[in-house]
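Each remark here refers to the structure printed beneath this line.
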Amino acid sequence: MVETIGIWIAAILTLGIFSFLYKDNPFYKFCESLFVGVSAGYWFATTFWQVMMPKLVDNLAAGRWIYIIGGIFGILMLLRLFPKIGWISRWSLALVVGTTAGLYFTRYLVSNGMVQTENTIMPIFVTGNLPQTIGNLVIVVGTFCGLVYFFFSKEHKGTFGGFAKVGIWFIMVSFGASFGYTVMSRMSLLLGRLDYLFGTWLGLIK
Amino acid sequence: MRKTLPFAIVTGVGFFMLVQYFVPREEFEIIYEWSLDWIIVIGCFAMLLGLWSLTMASIHKVQRKTPGWGYSVIALIGLIFMLIVGLYPGQASLVKGSIFMLFFEYIYIPIQATMFSLLAFYIASAAYRAFRARTILATILLVSALIIMLRLVPLGPLSSVNQWLANFILTVPNMAAKRAFWIGVGLGATATALKIMLGIERTYMGRD
Amino acid sequence: MSFYEQMMNLDRRWVYLIIGIVVVITAIVPFDVPLYVTPEVQSVYDFVESLNSGDILMIGVDYAPEAMAELHPMMYAITRQAFKRDVKLLLCCLHQNGPGMVEQVISQVSKEYNKVNGMDYVYLGYKPYPAITILAMGQNFRIPFPEDYYGTPLDSLTMMRSITNYDNVRAILNISAGSSTEYWINYANGRYNALLAIGVTGVMTSDYYPFLQSRQIFGLIGGMKGAAEYEYLAEKDGYISKKKDQLSAYKSMPIQTTTHVVVILFIVIGNIGYFMSKKKNS
Amino acid sequence: MRKITISLLTIFLLTLFVNISFSQEEPLPPSEVKASDTPNDNGHSITVTWKLSPDDGAGKKNVVAYEILRSDNPEGEFEIRGVAPAGESRFDDKGAKEKTDKNYLPGHKNFYYKVRAKADKTFAESEVSNPAFAYGQWYHTGKTTVLIGVILFSAFALYFINLARKGKKLFVRPLAGIEAVDEAIGRATEMGKPILYIIGLGSADMIATIASFTILSRVAKKTAEYQTPILIPCYDSVVMAVAQETVRAAYLEAGRPDSYKEENIFFVTSMQFAYVAGVNGIMLRERPATNFYLGKFYAESLILAETGSVAGSIQISGTDEIAQIPFFIAATDYTLIGEELYAASAYLGKEPVLLGTLKAQDWGKALVIISLILGALAASFNFQFFLNLFRVQL
């Protein structure tokens with residue numbers, strides 16, 4: 001019983017969202033508002049139980065008092081609601097931004113800078129394997145030109161500009177490939193929804 | 001207090017985090033773990049700010065009777081209802097079959113999945129309107145996308161040619177471009193982190 | 001306004017409508033699509049074929065219900081193929097919303113083949129922080145997972161007695177919709193030299209092709225098409241069957257094909273309109 | 001006589017049988033078991049090494065695995081700490097650092113190890129190892145390459161910042177997306193419509209989000225000058241708080257603190273597609289003249305950009321999420337690609353110090369290019385030493 005009602009509601013809401021494709025309308029607006037409200041409530045309640053409780057309450061209950069620091073900074077954050085002392089909340093923001101800036105300094109340098117450089121270092125000449133040699137050569141040249149494209153302090157003119165141009169060509173090829181592949185994923189999503197409407201709801205297809 | 005302290009905090013914890021990367025010692029590791037947890041806790045408290053903002057915005061709309069205020073009432077009802085059935089029963093609310101989870105399953109999930117599936121239509125429309133060979137760059141993007149998409153279309157004897165071409169695109173130029181992109185992003189992110197730690201970039205944190 | 005200009009400025013709702021109609025029609029009147037099996041899918045399939053009874057295959061399942069449409073078919077086909085060949089499975093999940101779903105799959109498929117938990121397969125469960133977890137498993141599965149998903153200590157599971165770390169599994173398959181794949185490649189393969197193949201969503205596929213070239217992965221199943229190729233191979237060898245409705249990705253290939261044709265036609269028509277109207281104006 | 005023969009035969013057969021069943025003798029034990037602190041760690045792990053049992057390897061008496069045993073007393077009881085497969089001669093006995101953990105391994109306390117070579121049913125134990133204790137290190141020797149990278153990069157940055165402060169003009173090449181910002185704000189002012197600024201789905205600690213704040217600050221300053229309202233629907237509450245601070249400061253700087261309206265920077269929800277639904281609504285009902293999408297974006301990028309284009313807005317986008325850039329390119333008017341997003345704040349602010357770091361980034365890239373070329377040559381001629389320079393330990 002609950003399931004049948006649930007499926008009907010779900011199906012009707014699905015149609016409501018699809019109606020947006022035609023144009024904005026009261027039905028869509030209803031679904032949208034309901035969606036925003038329900039999702040915010042869901043997000044708050046689940047984060048409360050799954051993050052707030054284990055990270056703060058359980059730790060404090062277990063006598064790990066150091067976690068009170070997180071709690072204090074959290075409460076400082078809430079002082080934003082009082083305009084007079086709202087500036088105190090910046091301490092909490094500073095803690096968040098500072099910590100992650102320090103973390104990301106090395107994280108990006110290593111995972112994006114050094115590891116990628118290491119991976120790109122490959123032998124150009126592979127004896128007895130012409131396709132591989134050509135492939136590797138193109139990769140090294142392409143990476144080189146791609147990097148040149150991202151130079152900001154040098155005008156893209158002359159030979160340098162030529163490299164930059166080839167670089168952005170490579171980048172565009174890659175974007176095209178991403179786009180081409182994504183079409184498939186997105187069509188799968190639509191199939192899933194139609195399956196729900198015609199299968200689960202109406203029982204027309206199995 | 002207002003101006004200096006926040007930047008002292010940013011620089012202080014920033015450098016600590018940088019240094020701890022190189023120091024394997026236990027003390028550093030423990031403080032590192034704590035700070036990550038503190039940040040999560042701060043985020044949890046900040047949720048209240050979000051909730052407050054959403055609620056007040058909706059109430060304002062209702063009070064002022066701005067056009068479409070009725071929809072704000074619906075959002076508010078949805079929000080308050082979910083909070084009650086999600087918080088009042090305790091953690092039991094997260095168990096499958098509870099009212100909270102039923103709402104999640106039959107209201108949230110279907111709308112979510114349908115919003116997501118709109119992309120199938122939008123991707124087609126974007127392809128139609130935007131994929132025009134206006135410039136060399138647009139042409140390259142378009143041709144490369146076409147070659148990849150043609151993989152899904154039976155082309156008879158041409159299939160293997162297209163497969164070869166698609167494979168070449170994916171493994172050679174695609175790889176070179178992504179490497180360059182990622183290295184660029186890595187350096188840009190490192191520079192941004194450094195600017196923040198040095199207090200050069202401080203626009204994100206008020207000035208009064 | 002000329003015909004071409006009108007064509008150029010076609011209301012996008014026509015585009016939506018055409019896509020919708022094409023999808024519905026193909027769903028009602030399905031047809032068979034010839035499938036070209038790509039070498040990167042074939043090599044994953046052949047690898048599982050080459051395993052002997054008793055060998056251990058690890059599957060890292062890192063996706064949530066949102067990616068089910070694309071990744072579930074791979075997961076089902078591979079587990080069925082493995083169980084039918086008496087290959088043992090070691091599973092773990094590094095996606096927050098995935099663990100329950102993985103449990104559903106494995107308990108269903110194990111029933112089909114009368115496989116016993118702890119003897120023929122072990123499901124380690126979920127851990128956050130994929131990078132750390134993958135690194136730790138390279139040392140010993142017991143560090144991140146002292147117990148399995150059901151709360152049994154690993155040491156009391158028969159299958160786990162001979163298993164310490166990646167050295168004891170023949171290969172790892174990572175079926176994923178998220179960034180954890182990068183860690184599997186960089187750590188499980190990069191640090192611990194584990195043999196690795198991946199199955200990812202269509203969106204991610206082009207990002208991971210480069211790793212084939214650098215031989216960091218030995219196979220790649222990309223999106224619905226890759227899953228369909230795998231199902232096609234598995235069906236040919238009798239691991240799954242059409243009658244039992246076990247070919248969900250393959251079944252959707254006609255729609256994928258027609259929609260792709262339509263999108264390609266849109267691009268072509270759009271460009272014809274663009275060039276014709278430009279010609280006229282100049 | 002016959003009886004004796006039978007019994008002798010029985011004994012003979014029995015011994016034969018026993019011999020057969022025990023033909024799998026104990027393997028020889030591993031030798032030279034040494035224990036020492038595991039380097040580069042937090043001080044709760046001891047590394048054990050040994051010389052393989054002579055019976056380890058193909059065709060010999062089948063050592064299948066080694067068990068590593070530990071005790072705090074050489075004569076005391078040893079407990080199994082782990083298993084290493086045959087052929088392996090090293091094991092890290094890694095413990096937890098929390099006292100409450102079952103697997104706790106105290107630092108600065110002596111432990112003794114034994115290694116057991118296991119055959120199918122039997123095993124042989126080695127001698128007891130030397131005592132060893134675990135302690136934490138102050139420097140991770142495997143990360144020297146990273147340290148050099150950090151120092152080099154910071155040095156470049158500081159040098160160019162200094163140069164810029166001294167008044168040296170630094171050139172930056174034009175970026176179309178950036179040049180469109182002014183025009184886009186101007187258009188909104190002319191039309192008397194608001195500007196919609198979307199920071200994306202990233203949390204406040206992501207670099208793309210932070211880059212977006214810095215751009216927001218410049219954009220907000222201009223909107224303050226032009227008196228054009230700016231709407232910022234947020235996905236994350238911390239992001240909302242930071243955005244409020246940023247915009248307030250920008251209005252103050254522009255000398256228009258009274259025009260700042262906090263309610264224009266508001267929270268929608270923290271669930272991806274619900275957020276998109278909400279923002280779609282705003283786009284169609286408020287009809288902003290200009291939409292900015294700058295920050296971290298995922299699958300929603302195209303939904304937002306298409307809806308914005310239906311609403312007829314000028315759209316400027318930028319993200320470092322590579323999979324979404326194609327959609328932004330297709331559906332928005334200008335797109336900042338990857339690193340361009342991070343660079344944008346320097347472009348808009350034109351502050352010398354920020355331009356200095358841009359220059360440092362370029363030098364970083366130059367360094368990468370040089371390494372690439374040298375590395376490719378080194379790899380072609382098999383100079384392993386050079387390749388190892390880039391290897392980073394974790």
Side-chain angles (χ1 to χ4, degrees), chain A residues 15 18-24 46-47 50-51 54-55 107 110-112 114-116 118-123 126 131-132 134-136 138-140 142-143 170 173-199 202 204-206, chain C residues 11-13 15-17 19-20 22-24 26-28 30 65-73 96 131 177 182-183 185-186 190 200-211 213-214 216 222-228 245 248-249 251-253 255-260 262-264 267:
Chain A
L15 293 177
F18 275 141
S19 74
F20 181 67
L21 286 171
Y22 181 64
K23 67 180 212 190
D24 194 19
T46 45
T47 319
Q50 290 172 347
V51 186
K55 285 283 178 206
R107 186 175 295 174
V110 173
S111 68
N112 282 48
M114 298 175 121
V115 174
Q116 292 300 333
E118 182 194 335
N119 288 343
T120 315
I121 292 178
M122 50 178 81
V126 185
Q132 178 108 35
I134 295 174
N136 286 2
V138 176
I139 289 170
V140 173
T143 313
F170 269 85
V173 170
S174 159
F175 288 161
S178 280
F179 188 101
Y181 250 112
T182 310
V183 174
M184 181 165 71
S185 287
R186 300 307 180 230
M187 293 304 163
S188 316
L189 294 168
L190 178 59
L191 289 188
R193 267 351 265 164
L194 293 179
D195 237 23
Y196 192 88
L197 284 182
F198 293 111
L202 298 174
L204 291 178
I205 45 172
K206 212 172 71 123
Chain C
D11 190 317
R12 66 192 82 211
R13 281 176 286 194
V15 175
Y16 302 157
L17 187 66
I19 285 285
V22 166
V23 170
V24 172
T26 330
I28 298 170
E66 285 98 75
M68 242 160 84
E70 288 181 89
L71 301 179
H72 245 36
Q96 200 183 350
E182 219 175 296
Y183 304 124
I185 293 172
N186 282 334
V200 294
T201 60
V203 183
M204 291 162 67
T205 309
S206 74
D207 284 353
Y208 287 95
Y209 251 90
F211 298 104
Q213 163 90 3
S214 58
Q216 284 162 286
M224 208 64 138
K225 166 93 185 333
D245 201 25
S248 51
K251 211 173 66 181
S252 74
M253 270 301 112
I255 299 190
Q256 289 286 358
T257 306
T258 48
T259 48
H260 272 75
V262 170
V263 173
I264 291 168
I267 295 179

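It should be emphasised that the depicted structure is a prediction, and the values quoted were computed from it without experimental measurement. Within every chain, numbering begins at 1; the chains are lettered A, B, ... in the order of the sequence lines, protein sequences first and strands thereafter. When reading the values below, keep in mind they use all heavy atoms of this one structure, side chains included, and skip hydrogens, waters and symmetry mates.
Residues satisfying the side chain to side chain donor-acceptor pair (under 3.5 Å) test with A:Arg107, not counting sequence neighbours, are none. For A:Thr143, there are no side chain to side chain donor-acceptor pair (under 3.5 Å) partners two or more places apart in sequence or in a different chain.
Here A:Arg186 contributes atom CZ and C:Met224 contributes atom CE; the two are 13.0 Å apart, rounded to the nearest 0.5 Å. Here C:Ile19 contributes atom CD1 and A:Leu190 contributes atom CG; the two are 8.0 Å apart, rounded to the nearest 0.5 Å. Rounding to the nearest 0.5 angstrom, the gap separating the OG atom in A:Ser174 from the OH atom in C:Tyr209 is 14.0 Å. Note: C:Ser252 OG to A:Asp195 CG = 9.5 Å, rounded to the nearest 0.5 Å.
The contact between C:Val203 and chain A is made by backbone and side chain atoms together, counting heavy-atom distances below 4.5 Å. Interface residue C:Gln216: only side-chain heavy atoms are found under 4.5 Å from chain A. For chain C, the nearby part of A:Leu191 is the side chain; its heavy atoms alone come within less than 4.5 Å. Contacts of C:Ile264 with chain A are absent, with no heavy-atom separation under 4.5 Å from either backbone or side chain.
Considering C:Asp207, C:Thr205, C:Val200 in turn, C:Thr205 is the only one that fulfils the side chain to side chain contact (heavy atoms under 4.5 Å, CB included) rule with A:Tyr181.
The backbone N or O of A:Ser188 sits nowhere less than 3.5 Å from a side-chain atom of C:Glu70 that would complete a donor-acceptor pair.
When every heavy atom of C:Arg13 is checked against every heavy atom of A:Leu21, the shortest pair comes out as CG-O, 3.4 Å. In terms of heavy atoms, C:Gln256 sits closest to A:Met184 at NE2-O, 3.2 Å.
Side chain to side chain, A:Ser185 and C:Thr201 fail the donor-acceptor criterion of an N or O pair below 3.5 Å.
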